[in-house]
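Worksheet: the structure to be examined is printed underneath.
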Protein chains: 2
Amino acid sequence: MNDRNMQVTTLAGAPAPARGRGRPSAREDLPCPIRDVLDRIGDAWSVLVITTLEPGPGRFNQLRRQVDGISQRMLTVTLRHLERDGLVSRTVIPSTPPQVEYALTDTGRSLCLPLKVLADWAGSHQSVIRGARRQYDIGGN
Amino acid sequence: MNDRNMQVTTLAGAPAPARGRGRPSAREDLPCPIRDVLDRIGDAWSVLVITTLEPGPGRFNQLRRQVDGISQRMLTVTLRHLERDGLVSRTVIPSTPPQVEYALTDTGRSLCLPLKVLADWAGSHQSVIRGARRQYDIGGN
DNA sequence: CCGAATCCCTAACGATACTG
DNA sequence: CAGTATCGTTAGGGATTCGG
């Protein structure tokens, strides 16, 4: 029940001084909006889940298959985070076997545009970036 | 000399099976552009460094002071990554004491727009998100 | 089918000390 | 000033196992 909040507390409530790992801010209660978002979409899986959910709602194992490569644990964790931030809704359909549907909320859908802008940038610059990397790696040796 | 590439190799060249940590893709050579970008801006400091560099070039310790909270090590690592991806240029001015100027490249500057879109979204939705979180946290207990 | 709990390894990070 | 090298800590994440 309240177990759900344990990871969450550690992640945002910051009861621990967190010496080993310190993100820029986001742990202080000072409202740094960009950090909030980056902490969410920065964790790699979130974006994939969101884009997977964009066409329409999906169930757990369905998502598990679609996202490809995600562990069941990370899918759970990611969905919890997204749910907590109000980006994804979780609907339990009591039946046998039980079904759970995940869907983007309005907020979640509104995030898709900024994400798309970023994806477009990524697409139109990937060759430049790959090239720069190769160049850099050559020079290093 | 070639030490620079060690971390880099581990990060993108993927010689190791990487069991402990597995990002979605980005380690396979399959071009997944969005992953490349997210791996870069997802690491928290990169975005701060980029936005700090946006107004104009800056030197190492100058950036160190401006970014606030970043360790000297992470600034180095972050700058190396950005340099490798061709987002930031590094210019050594031989003098005593030596000066090194970091500046956004054209590619780096072009990333600022997508970043701004994201930041704007973050700004206009932060209250909703914070609210959703509070709500979620209450329900959990 | 949908998850939560545990185990354990790895890499990311901060702190610190040292070099050109 | 502008870094590099080493060390210790810890959070992230895969694998696995158990519960409703």
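Below, chains carry the letters A, B, ... as their sequence lines are ordered, and counting in each starts from 1. Keep in mind that this is a model prediction, so the values were computed, not measured.
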Taking 4.0 Å as the cut-off, does a side-chain nitrogen or oxygen of [X] come that near to OP1 or OP2 on [N]?
X	N	value
A:Arg90	C:dC2	no
A:Tyr102	C:dG3	yes
B:Arg73	D:dG3	no

Spacing of [X] atom [atom1] relative to [N] atom [atom2], expressed in whole Å:
X	N	atom1	atom2	result
B:Asp68	C:dG14	CG	P	12 Å
B:Phe60	D:dT4	CZ	C1'	10 Å
A:Arg64	C:dA4	CZ	C1'	14 Å
B:Glu83	D:dA2	CD	C1'	13 Å
B:Leu79	D:dG3	CG	P	8 Å
B:Gln62	D:dG3	CD	P	13 Å
A:Ile70	D:dG12	CD1	P	15 Å
A:Asp39	C:dA12	CG	C1'	14 Å

Donor-acceptor contact below 3.5 Å, side chain A:Ser46 vs main chain A:Gly42
no
Under 3.5 Å, is there a donor-acceptor pair between the side chain of A:Thr51 and the main chain of A:Leu48?
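Yes, the answer is positive, given that a donor and an acceptor are paired below the 3.5 Å cut-off.
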Any side-chain donor near an acceptor of the partner, A:His125 and B:Thr107, under 3.5 Å
no
Starting from the 5' end of DNA chain C, give me the residue, A:Pro97 or B:Ser71, whose nearest nucleotide shows up first.
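Here A:Pro97 is the residue nearer the 5' end.
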Of the candidate nucleotides [options], which contains the atom at the shortest distance from the side chain of [X]?
X	options	result
A:Met74	D:dG13, D:dT4, C:dA4	D:dG13
A:Val100	C:dC2, D:dA2, D:dT17	C:dC2
A:Arg80	C:dA4, C:dC1, D:dT4	C:dA4

Closest-nucleotide 5' rank along DNA chain D - winner of B:Arg65 and B:Thr76:
B:Arg65
Decide yes or no, distance alone: a donor-acceptor N/O pair under 3.5 angstrom between the base of D:dG14 and the side-chain of A:Gln72.
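In this structure, the two groups form no donor-acceptor pair.
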pair A:His81-A:Val88: side-chain heavy atoms closer than 4.5 Å:
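Side chain of A:His81 against side chain of A:Val88, heavy atoms only: no contact under 4.5 Å found.
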By side chain to side chain donor-acceptor pair (under 3.5 Å) - contacts of A:Arg109 (at least two apart)
A:Asp106
